[in-house]
Protein chains: 2
Amino acid sequence: MAQPFNPSVPIYQQLCERIKNKIIRGELGMGERLPSVRDLAIESEVNPNTVQRAYKELEDTQIVEKKRGQGTFVTENPAILQKMREEQKISHINRFVTEMREMGYSEKEMLHGLQDYLEKKEDNK
Amino acid sequence: MAQPFNPSVPIYQQLCERIKNKIIRGELGMGERLPSVRDLAIESEVNPNTVQRAYKELEDTQIVEKKRGQGTFVTENPAILQKMREEQKISHINRFVTEMREMGYSEKEMLHGLQDYLEKKEDNK
DNA sequence: ATCACTGTATTAGTTAGATAGTACACTAAT
DNA sequence: ATTAGTGTACTATCTAACTAATACAGTGAT
């Protein structure tokens, strides 16, 4: 059974994120072939066009390369992968800091908040 | 000139967030009156219905109370405000931790990542 | 040439969000 | 009672985003 999608955010974006994370975590290595548009569509239980759009987004950021008739492949350029990793990380941190600042938290409070959360995270499940 | 909205997320949701944060930061105190639906609509340059929807959302979470013919007011129940503050904080931390975990970061790396970011944040502007 | 696999393009349908306009209902001040 | 301000309700319309269905086009093995 396919992993479910959050209905309030576009499926193609969620697919992008999942694939990006797989690449970042190393589950998909450099030069490795992604599932075909149709296969991933079946596996994810979505329309092939939705997968295609996700692949298109990934191609636009150069994380993957497509070869017509052959498939879609993770880039072999390590600089691009490194850049994506860094951007992704900064983007998440940035968002977090912005949100916390808008709530009025100081930088110290953000750090302590995160620390406390990680120590006591059993309570938040 | 009104503060612009991010076109990729619903305006009413952004209004909710802005108002919530104002309350959390204390810019809007307990029992204080919010601008009328029509006034905020003009000020924000959106349709009154959009503001009404935002106020409705806030009322559903009991952060504000509406008095027909009089206006919309911040709740005077401190427990509700405290709960909102806490939930908002947890929700932001939760999201951050989840995203970072999906990228493969350990808890230590999350903390250090945040720390580094805050120390060098001049570079990220 | 054929086949089975790739990605691509086009068109259409559905939906959520935002807007607009109008009418209603309550409250407080006069 | 009147008036001017509140929030509420409803209907209609528009638009952009997303998804879906189907047909097209390149590749490589046979």
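Chain letters run A, B, ... following the sequence lines, proteins first and then strands; every chain starts at 1.
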* To do: Using a 3.5 Å limit on both pairing distances, list the dot-bracket string of DNA chain D from the 5' end; Watson-Crick and G-U wobble pairs count, crossing pairs take [ ], interstrand pairs take |.
  => ||||||||||||||||||||||||||||||
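- Residues passing the ring-ring contact (aromatic ring centres under 6.0 Å, His included) test with A:Phe96, sequence neighbours excluded: B:Phe96.
- Residues of residues 8-20 of chain A having a heavy atom closer than 4.0 Å to DNA chain D, listed by number: A:Pro10, A:Ile11, A:Tyr12.
- The nearest pair of heavy atoms linking B:Cys16 to B:Glu57 is SG-CB, 3.5 Å.
- Partners of A:Arg38 under the salt bridge (Lys or Arg N to Asp or Glu O under 4.0 Å) rule, at least two apart in sequence or in another chain, do not exist in this structure.
- Taking A:Asn6 as the reference, A:Ser8, A:Val9, A:Gln14 meet the side-chain contact (heavy atoms from CB on, under 4.5 Å) condition, with sequence neighbours excluded.
- When all heavy atoms of B:Arg33 and B:Leu28 are compared, the closest pair comes out as O-CD2, 4.4 Å.
- A search for side-chain hydrogen bond (donor to acceptor under 3.5 Å, both in side chains) contacts involving A:Gln70 returns nothing, not counting sequence neighbours.
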Under-3.5 Å N/O pairs linking protein and nucleotides 7-11 of chain C:
from  : atom 1 : to      : atom 2 : distance (Å)
C:dG7 : OP1    : A:Thr72 : OG1    : 3.1
C:dG7 : OP2    : A:Val37 : N      : 3.0
C:dG7 : N7     : A:Arg38 : NH1    : 2.9
C:dG7 : O6     : A:Arg38 : NH2    : 2.6
C:dG7 : N2     : A:Arg68 : NH2    : 3.2
C:dT8 : OP2    : A:Lys66 : NZ     : 2.9
C:dA9 : N6     : A:Asn49 : OD1    : 2.9

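- The footprint of chain B on DNA chain D, defined by a heavy-atom cutoff below 4.0 Å, extends from D:dG5 to D:dC10.
- Legend: residues meeting side-chain contact (heavy atoms from CB on, under 4.5 Å) with A:Gln62, ordered by chain and number and at least two apart, are A:Ile80.
- Taking the side-chain hydrogen bond (donor to acceptor under 3.5 Å, both in side chains) definition, one finds that A:Glu27 meets it with A:Arg25, sequence neighbours left out.
- At least one side-chain heavy atom of B:Glu17 sits less than 4.5 Å from a side-chain heavy atom of B:Lys20.
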Donor-acceptor list for residues 46-53 of chain A side chains, cut-off 3.5 Å, not counting sequence neighbours:
from    : atom 1 : to      : atom 2 : distance (Å)
A:Asn47 : OD1    : A:Asn49 : N      : 2.8
A:Arg53 : NH2    : A:Tyr12 : OH     : 3.3

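- For B:Glu65, the side-chain hydrogen bond (donor to acceptor under 3.5 Å, both in side chains) test picks out no residue, with sequence neighbours left out.
- Side-chain contact, B:Arg85 with B:Gln88: no donor N or O sits under 3.5 Å from an acceptor N or O.
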